[in-house]
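Contents: one structure, followed by commentary.
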There are 2 protein chains.
Amino acid sequence: MKVIIVGGVAGGASCAARLRRLDEKAEILMVERGPYVSYANCGLPYHVGGVIEKESSLLVATEATFREQFAIDVRTNCEVVGISAQKKTVELKNHATGEVTTEKYDKLVLSPGAAPIRPPLPGIDLPGIFSVRTVPDARDIREWIERGSSDSTGEHTSSGFPLDKTQRAVVVGGGYIGLEMAENLVHRGLEVTLVEMLDQVMLPLDPECARLVERHLEKHGVRLALNDAVAGFKQTASGSLEVLTKSGKAHPADIVILAIGVRPETGLAKMAGIEIGQRGGIRVDEQMHTSNPDIFAVGDAVEVKDFVTGEWSLIPLAGPANRQGRIAADVIAGRDSRFRGTQGTSVIGVFGATVATTGANEKLLIRLGQKDFEKVYLFPNSHAGYYPGAKTIVLKVIFRKSDGRLLGAQALGLDGVEKRIDALAMAIQMGATVYDLEEAELCYAPPFGSAKDPVNFAGMVPADVLRDDMPLCHWTSVDGQFLLDVRNPPELAVEQVPGALNIPLPELRARLGELPRDREILVICRSAQRAYYATRILLQNGFKARNLSGGMLSRSMLVAK
Amino acid sequence: MKVIIVGGVAGGASCAARLRRLDEKAEILMVERGPYVSYANCGLPYHVGGVIEKESSLLVATEATFREQFAIDVRTNCEVVGISAQKKTVELKNHATGEVTTEKYDKLVLSPGAAPIRPPLPGIDLPGIFSVRTVPDARDIREWIERGSSDSTGEHTSSGFPLDKTQRAVVVGGGYIGLEMAENLVHRGLEVTLVEMLDQVMLPLDPECARLVERHLEKHGVRLALNDAVAGFKQTASGSLEVLTKSGKAHPADIVILAIGVRPETGLAKMAGIEIGQRGGIRVDEQMHTSNPDIFAVGDAVEVKDFVTGEWSLIPLAGPANRQGRIAADVIAGRDSRFRGTQGTSVIGVFGATVATTGANEKLLIRLGQKDFEKVYLFPNSHAGYYPGAKTIVLKVIFRKSDGRLLGAQALGLDGVEKRIDALAMAIQMGATVYDLEEAELCYAPPFGSAKDPVNFAGMVPADVLRDDMPLCHWTSVDGQFLLDVRNPPELAVEQVPGALNIPLPELRARLGELPRDREILVICRSAQRAYYATRILLQNGFKARNLSGGMLSRSMLVAK
């Protein structure tokens with residue numbers, strides 16, 4: 001059996017190594033268009049930033065590893081320029097020699113990845129405009145930033161900016177790569193402006209959560225230009241660049257990073273005549289078969305089923321790519337492995353904060369027309385509050401109303417964030433409900449968590465809602481109801497909700513007479529905990545009351561100031 | 001309805017607050033023998049160590065909180081001195097006034113906790129010997145350590161040690177409290193000896209994992225005296241102490257901390273005539289009913305079902321205590337909540353390292369006579385190896401052979417440890433198999449994890465074993481088999497296995513002729529990854545081969561040097 005694997009990074013490399021382990025006799029040829037196989041593309045922004053100093057650190061496994069350990073024929077700088085699905089052949093072009101050869105396959109695995117989107121805007125090919133996909137990309141960016149820095153005369157460099165002047169970078173796109181690049185460029189001392197077409201960064205987050213990321217970016221010196229698309233690029237007289245936007249702005253730049261997103265590489269798939277899905281990725285089944293039974297596809301180029309919603313989606317993440325490569329190898333070797341879909345679990349570090357998500361977000365559920373869900377906002381401590389260094393975690397939990405099933409979670413904070421999302425990701429994978437989260441038994445000691453972990457709260461609070469112990473309201477639905485603020489007077493001095501009556505929680509039982517029996521009462525406190533206690537008191541005394549989820553803390557996310 | 005809750009810390013306090021939320025009308029009386037309710041007993045060692053500087057930080061909720069927010073009648077310094085289950089009354093003694101009163105209850109909740117074991121050894125009541133259970137205990141220890149330190153004359157203090165001399169502490173007991181106290185006393189500059197009767201510290205760990213903790217303690221200056229029980233205590237002529245052991249040793253000490261373990265407080269239960277279980281704790285059902293339907297018990301005083309093994313056990317942890325308090329309140333309020341048992345998930349920080357466990361350990365399974373399990377040793381990186389700061393996690397995973405069900409995990413390391421145990425704890429709770437762990441989708445970005453997370457490896461490697469792709473051997477079963485070491489020559493220079501043939505992995509396919517076909521071959525490398533690849537090559541070439549789990553890294557844990 002001869003297997004040709006196209007693409008030697010995450011999915012392709014995993015597939016090749018796994019296939020060899022399962023089948024010592026198979027002839028395996030792995031071809032990679034670029035100069036390296038199995039490199040750490042997730043590390044590229046950090047290499048630009050100098051956090052990962054050596055380029056060689058990014059080369060996880062070399063051609064030699066694949067040849068010697070796995071007896072795999074690896075060809076780098078080698079591109080597939082033709083596929084005949086009928087003859088079961090591929091044409092390979094060796095970029096070093098220009099030579100084109102034809103190779104027969106029994107099974108073909110496509111792992112071409114996704115290409116950075118590079119819209120045909122005026123000036124997009126000007127020098128100084130980069131994408132971040134490959135090791136050479138990172139090398140080019142580093143060289144561009146460092147250009148002239150060996151010139152110690154203090155003179156202007158050929159590209160026109162003085163060496164003693166801070167360089168200005170414009171990052172286009174506020175997704176993972178864009179944010180990582182922004183951080184790493186700031187880390188290198190550049191002045192960074194981030195231009196994003198949409199009105200929020202980090203699309204996997206709901207906008208009110210993204211808003212917190214945006215504030216954090218601004219706090220660390222990143223200038224944000226949201227809600228404004230790039231119209232083109234211009235070279236100025238001095239040789240530097242300008243990024244022009246639809247709204248008419250011109251952002252000066254010594255370097256531009258394009259991180260608009262990626263598009264599945266489907267050229268080969270189209271060449272092979274296999275089916276492309278509605279989202280523009282290669283359509284595969286659970287076993288990573290394409291529409292042609294002898295051609296498999298894995299990684300960023302394929303559409304996958306969203307584990308939570310069942311929708312086809314494009315989720316270009318390394319974890320799923322690796323698992324898919326493994327599954328394709330299993331199936332080629334005659335096993336019955338199946339890909340279960342992806343939850344889109346992801347994490348990013350930005351200027352000391354961690355932002356992580358898993359499962360469905362609210363935007364997506366609304367877009368799908370789903371109504372059977374509710375959300376809560378929580379603000380638990382990363383660990384016991386009495387132990388030094390506890391940080392607030394902002395946690396949005398989305399769950400099904402009818403059965404309590406956990407649907408998704410988004411978290412942000414300075415500590416302990418991805419740990420909670422990992423536990424919640426495992427919970428979603430296993431079909432857990434919020435009632436299961438209530439009973440979760442997680443690591444607790446004062447430096448690590450609390451006896452009631454944030455993950456427990458992510459169960460208890462939704463369960464209180466579903467058991468009707470705590471009817472919920474959100475700030476976006478406040479509309480003429482009676483507002484009761486149960487905080488203590490010193491807290492009100494900091495920030496007050498206009499029109500709210502203040503009765504501190506300890507006084508509530510004695511002052512019920514001040515509250516209306518003919519109107520719904522919305523209860524407010526800092527984080528919604530005391531408001532929960534108050535809501536219980538009111539409900540049991542015959543009032544109609546709801547808790548404003550997340551209290552003043554979520555108000556600052558949801559209500560524009 | 002009148003409910004009396006005995007014990008105002010974790011379980012009792014949770015029960016009281018929850019009950020009020022569910023029933024605004026119930027009369028709730030919470031009595032606490034000590035001076036404080038709802039204090040952070042888990043923080044006591046850190047208060048001794050000065051990490052939590054202010055004693056007031058430990059007081060999570062005060063009597064006033066309970067009175068004002070929850071309308072609960074709280075009585076501190078108030079002990080139950082009599083219970084009549086027939087009359088449904090308790091006799092309360094006010095320690096301040098000496099007065100004894102009788103209170104009727106409809107429902108009684110016992111949350112008396114567990115008392116530090118204080119064996120009747122000679123000299124145990126000498127001054128300078130302390131337990132660590134209450135805020136006053138911590139205060140006494142701090143005062144004892146600081147005694148005379150306001151005396152700046154450099155003279156000997158009244159207790160006999162010179163102020164410029166390092167104080168010597170002996171900690172008796174190598175459990176959680178013992179280790180936390182050892183660390184905190186070292187943190188305060190004391191010289192610490194830890195005496196432990198058993199041959200390992202940290203009983204929830206298997207001994208080979210505990211050995212790594214022991215090395216870490218020693219590296220940070222803690223002297224270990226394992227396998228030696230305390231025989232008694234002596235006061236020396238100079239006024240300091242000596243801890244005498246069964247083996248005849250005398251450990252000098254200026255302070256002694258008793259952390260031998262805890263024993264459920266069952267005095268009240270016996271007074272009430274309710275059933276005590278075989279492990280010495282109060283016997284309760286899933287709804288926290290004792291054998292008397294009007295008496296509930298929660299927290300460290302009760303026996304709980306081990307979630308994994310189904311055995312009755314004593315697991316004095318804060319998380320389960322809180323959940324049990326909540327459940328008892330639910331049931332009293334007429335709801336059908338049930339405690340699902342405990343997994344014994346726990347974590348401890350020791351000198352920068354984190355040690356965490358969940359589920360069953362191997363010792364326990366062996367003691368229960370179970371044979372349907374296997375284990376693997378893994379040594380994954382805490383995050384992508386190419387991103388700076390990755391640390392090795394030592395991970396032991398125990399799983400059922402017949403169906404792949406995850407049974408337990410133990411992990412140690414400097415980073416990312418409790419995060420993996422939390423995900424695995426959630427997996428165990430949800431009945432996950434190692435096949436589920438293979439497909440887990442967790443947070444990945446270079447600073448946080450790897451595309452294949454340690455949790456994925458905790459599934460993949462066991463699944464390889466269960467699918468017979470990788471027959472496994474453990475170092476403790478090496479017995480005359482042929483040993484093949486596939487590491488590279490430079491690695492052998494560091495440490496070699498006597499009698500092993502070295503064929504570096506890249507040369508293996510060409511040198512198969514050097515290997516015996518009539519003997520089983522055990523394959524060795526550093527962490528068992530290359531040995532896995534080699535095992536696959538050997539098996540597919542008709543050899544009988546097994547991988548030595550954990551390679552040289554587990555050898556150093558399992559084979560005494």
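So you know, we letter chains A, B, ... as the sequences are listed, proteins then strands, and number each from 1.
- Note on Leu442(A), Asn456(A), Leu59(A): by heavy-atom pairs under 4.5 Å with chain B, the leading option is Leu442(A).
- Of the residues considered (Ala425(B), Ala534(B), Ala423(B), Ala321(B)), Ala423(B) shows the highest number of contacts with chain A, using heavy-atom pairs under 4.5 Å.
- Interface summary for chain B: among Arg530(A), Lys452(A), Gln429(A), the most heavy-atom pairs under 4.5 angstrom belong to Gln429(A).
- For chain A, the option among Gln540(B), Glu68(B), Arg335(B) with the highest count of heavy-atom pairs below 4.5 Å is Gln540(B).
- For the pair Asp336(B) and Arg467(A), the salt-bridge criterion is not met [side-chain N within less than 4.0 Å of a carboxylate O].
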Task: Pair Met430(B)-Met426(A), side chain to side chain contact (heavy atoms under 4.5 Å, CB included): steps then yes or no - done: CA-CA 9 Å; Met430(B) 296 305 296; Met426(A) 182 63 76; over 6 Å; no
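- Heavy atoms closer than 4.5 Å to chain B are found in the side chain of Ile327(A), but not in its backbone.
- Considering only heavy-atom pairs separated by less than 4.5 Å from chain B, the leading option among Ile52(A), Val486(A), Asp453(A) is Ile52(A).
- Residue Ala17(A) does not touch chain B at all, counting heavy-atom pairs closer than 4.5 Å.
- Using a 4.0 Å cut-off between a side-chain N of Lys or Arg and a carboxylate O of Asp or Glu, Asp23(A) and Arg536(B) do not qualify as a salt bridge.
- Under the 3.5 Å distance criterion, with hydrogens and angles disregarded, no donor-acceptor pair is assigned to the side chains of Tyr533(B) and Arg20(A).
- Judged purely by atom type and a 3.5 angstrom limit, Asp422(B) uses its side chain to pair as donor or acceptor with the backbone of Cys443(A).
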Open item on the list: Show, in sequence, the C-alpha distance, side-chain angles and deciding distance for Gln69(B) and Leu508(A), and conclude whether the side chain to side chain contact (heavy atoms under 4.5 Å, CB included) test is met.
Closed with: CA-CA 9 Å; Gln69(B) 290 200 1; Leu508(A) 183 60; over 6 Å; no
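- Looking at Pro320(A), only its side chain comes within 4.5 Å of chain B, counting heavy atoms on both sides.
- Neither the backbone nor the side chain of Met470(A) comes within contact range of chain B; no heavy atom of the residue lies under 4.5 Å from a heavy atom of that chain.
- Ranked by heavy-atom pairs under 4.5 Å with chain A, the list Thr65(B), Leu539(B), Thr342(B) is led by Thr342(B).
- Salt bridge Asp436(A)/Arg340(B): present, at least one basic N to carboxylate O contact under 4.0 Å.
- Between the side chains of Glu441(B) and Thr358(A), no donor-acceptor pair is found at a separation under 3.5 Å.
- The closest side-chain heavy-atom distance from Glu53(A) to Pro388(B) is not below 4.5 Å.
- Most heavy-atom pairs under 4.5 Å with chain B: of the set Ser450(A), Pro447(A), Ser346(A), Ala356(A), this distinction falls to Pro447(A).
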Task: Trace of the side chain to side chain contact (heavy atoms under 4.5 Å, CB included) decision for Lys25(A) with Asn541(B) - done: CA-CA 10 Å; Lys25(A) 302 275 179 286; Asn541(B) 280 283; 4.0 Å; yes
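- Across all non-hydrogen atoms, the minimal contact from Tyr386(A) to Ser57(B) is CB-O, 3.1 Å.
- The pair Lys419(B)-Glu418(A) meets the salt-bridge criterion, with a side-chain N (NZ, NE, NH1 or NH2) lying under 4.0 Å from an Asp/Glu carboxylate O.
- The backbone N or O of Ile537(B) sits nowhere less than 3.5 Å from a side-chain atom of Arg21(A) that would complete a donor-acceptor pair.
- Only one option out of Arg338(A), Arg323(A), Arg326(A) pairs with Glu438(B) in a salt bridge (Lys or Arg N to Asp or Glu O under 4.0 Å); it is Arg326(A).
- Most heavy-atom pairs under 4.5 Å with chain A, from the set Thr354(B), Val60(B), Val455(B): that is Thr354(B).
- For chain B, the nearby part of Tyr532(A) is the side chain; its heavy atoms alone come within less than 4.5 Å.
- For the set Ala440(A), Ala318(A), Ser56(A), Gly449(A), the entry with the most heavy-atom pairs within less than 4.5 Å of chain B is Ala440(A).
- Minimum heavy-atom separation, Glu439(A) to Phe339(B): OE1-CD1, 4.5 Å.
- Taking Tyr444(B), Tyr387(B), Phe448(B) one by one and counting their heavy-atom pairs under 4.5 Å with chain A, the maximum is reached by Phe448(B).
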